[in-house]
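Because only heavy atoms are used, hydrogens play no part in the values below, and waters and symmetry mates are left out as well, while side chains stay in.
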Amino acid sequence: MGPHPAVAAIRLAVRRVLHDILTQHARLTEETSPHERPPSPLVLVACSGGADSMALASALAFEAPKLGIRAGGVTVDHGLQAGSDQRADEVVLRMRQLGLDPVESTAVTVGREGGPEAAARDARYAALDAAADRHGAAAVLLGHTRDDQAETVLLGLARGSGIRSLSGMAAVSGAGGRYRRPFLELDRQTARKACMVQSLPVWDDPHNADPAYTRSRLRHEGLPALEKALGKGVVEALARTAQLSRDDADALDTWARQAEAAVRDSAGLLECAKLYALPPAVRRRVLRRAAIEAGAPAGSLFARHIEEVDRLITGWRGQGAINLPGKVVAQRQGGRLVIRQG
């Protein structure tokens with residue numbers, strides 16, 4: 001008799017990702033001489049001890065050896081609760097019991113930039129990047145599920161910052177495609193069930209139920225209310241919206257990159273008349289890229305900033321220069337749009 005359907009589902013999701021990593025590794029090794037062939041790839045799992053990441057760790061430990069892949073794990077201690085260091089030690093022990101090696105716990109200091117959730121996320125990814133570099137890992141697996149994706153889409157919708165924010169989390173992201181999310185098409189319940197039938201101990205982070213956190217309120221109040229009003233297919237529909245939005249945003253980004261050369265004059269300045277002729281979604285992307293190239297930090301550049309710059313093209317009434325984050329200034333001069341550090 002085969003494994004429980006939930007266990008089969010998590011293993012299949014991980015196997016698909018590992019096959020992709022192996023294919024990528026094979027391409028890299030073809031380019032090196034036989035004497036310099038790198039060892040079999042190492043894949044790390046980021047594990048908090050919660051149901052999603054414990055299910056992911058168990059599936060990685062089961063599938064990796066069958067494909068000749070080395071499998072390890074890392075847990076990040078955010079230090080936000082008393083006893084978090086002991087919790088991290090327990091997670092390390094559980095990963096070792098699954099057969100993962102190397103495994104480690106890494107402690108981080110969470111700052112205040114952008115609010116508590118964003119600060120914790122930034123600290124976590126910095127620690128995971130450092131661990132991947134230290135161990136020479138080909139990839140880091142993250143346990144985000146379809147439910148997480150639905151929450152991310154709703155948070156993006158609430159920000160009102162355009163189609164890219166509706167595209168949620170990518171299945172592959174980070175430098176060189178380092179981060180992989182095998183469970184984006186699986187629901188949270190499947191991961192929890194897989195832990196239960198494998199008798200894996202699971203830790204429920206109190207932050208996930210704390211109403212002080214936006215995502216927690218959305219998880220426990222917002223999404224259940226939406227499901228009650230619209231039916232059970234909401235999570236799946238939001239995850240599908242994420243994928244369709246991502247495809248659209250990628251296409252528009254490509255179009256904007258191609259348009260960029262065509263709207264510059266021989267001196268490399270942006271021509272307002274040519275910008276005006278572009279569809280708004282493409283033009284705004286060109287303006288955003290130009291602002292970032294001039295030194296505006298991408299994370300601080302919001303839709304309202306780009307709309308103001310856009311009005312220099314579409315609603316020109318002789319208005320003055322526009323100040324952007326990073327001390328970048330945008331102004332219209334003689335039919336040209338100049339974006340530079342002030």
Side-chain angles (χ1 to χ4, degrees), residues 6-7 10-11 14 17-18 41-65 69-112 116-145 148 174 178-183 188 191-210 212-213 215-216 219:
V7 176
I10 63 166
R11 288 177 178 175
V14 167
V17 168
L18 294 182
L42 169 68
V43 174
L44 298 175
V45 59
C47 187
S48 66
D52 304 340
S53 60
M54 278 304 294
L56 185 58
S58 72
L60 176 64
F62 183 82
E63 293 292 339
I69 289 175
R70 293 175 298 137
V74 58
T75 188
V76 178
D77 173 14
H78 296 84
L80 295 174
Q81 295 149 341
S84 65
D85 52 341
Q86 291 155 292
R87 170 68 49 202
D89 290 343
E90 281 173 36
V91 175
V92 164
L93 185 62
R94 286 173 194 173
M95 289 194 287
R96 283 213 177 96
Q97 287 167 344
L98 287 169
L100 297 177
D101 181 49
V103 293
E104 67 174 52
S105 161
T106 178
V108 296
T109 304
V110 176
R112 297 175 184 275
E117 290 162 286
R121 187 175 59 245
D122 290 347
R124 182 164 58 251
Y125 279 103
L128 292 174
D129 276 335
D133 289 339
R134 202 163 48 247
H135 293 290
V140 179
L141 305 189
L142 303 172
H144 298 118
T145 63
D148 294 307
R178 163 177 283 169
Y179 291 109
R180 310 286 180 127
R181 296 178 175 86
F183 288 177
R188 193 173 284 145
R192 192 165 280 279
K193 188 82 176 165
C195 288
M196 202 173 76
V197 299
Q198 294 180 102
S199 302
L200 291 173
V202 165
W203 173 63
D204 288 313
D205 185 346
H207 280 166
N208 290 338
D210 187 343
Y213 293 92
R215 190 179 281 267
S216 171
R219 180 173 301 181

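To the nearest 0.5 angstrom, T145 atom OG1 is 11.5 Å from R181 atom CZ. To the nearest 0.5 angstrom, S53 atom OG is 12.0 Å from L60 atom CG. Taking CD of Q198 as the start and OG of S58 as the end, the distance is 4.0 Å to the nearest 0.5 Å. To the nearest 0.5 angstrom, I69 atom CD1 is 4.5 Å from L18 atom CG.
The two atoms that bring M54 and P201 nearest to each other are CG-O, 3.9 Å, heavy atoms only. Nearest heavy atom pair, residue G72 against residue L42, reads N-CD1, 3.9 Å. In terms of heavy-atom proximity, A6 sits nearest to A194 at CB-N, 3.8 Å. The minimum heavy-atom distance between A127 and V76, with the atom names listed, is CB-CG2, 4.2 Å. The two atoms that bring P102 and L44 nearest to each other are O-CD2, 4.4 Å, heavy atoms only. For the pair A88 and T75, the tightest heavy-atom approach, listed with the atom from each and the gap, is O-CG2, 3.6 Å.
With E63 contributing its side chain and A59 its backbone, the two residues share no donor-acceptor pair below 3.5 Å. A donor-acceptor pair is defined here as one N or O able to donate and one able to accept, closer than 3.5 Å; no such pair exists between the side chain of D133 and the backbone of A130.
Within the 4.5 Å cutoff, the side chain of L142 has no heavy atoms near those of the F183 side chain. Side-chain contact between L200 and L98 is present, with heavy atoms from C-beta onward closer than 4.5 Å. Taking the side chain as every heavy atom from C-beta outward, Y125 and V140 never approach each other to under 4.5 Å. Taking the side chain as every heavy atom from C-beta outward, V17 and V43 never approach each other to under 4.5 Å. Two residues are said to be in side-chain contact when any heavy atoms from C-beta on lie closer than 4.5 Å; L128 and Y179 meet this criterion. By the 4.5 Å heavy-atom criterion applied to side chains, R219 and R188 are counted as neighbours. Residues S105 and V91 have side chains not in contact (no heavy-atom distance under 4.5 Å, counting atoms from C-beta outward).
The side chain to side chain contact (heavy atoms under 4.5 Å, CB included) search around Q97 returns L93, R94, not counting sequence neighbours. Applying the side chain to side chain donor-acceptor pair (under 3.5 Å) test to R124 and every residue at least two apart in sequence or in another chain returns H78. Every residue was checked against the side chain to side chain contact (heavy atoms under 4.5 Å, CB included) condition with D122, not counting sequence neighbours, and none meets it.
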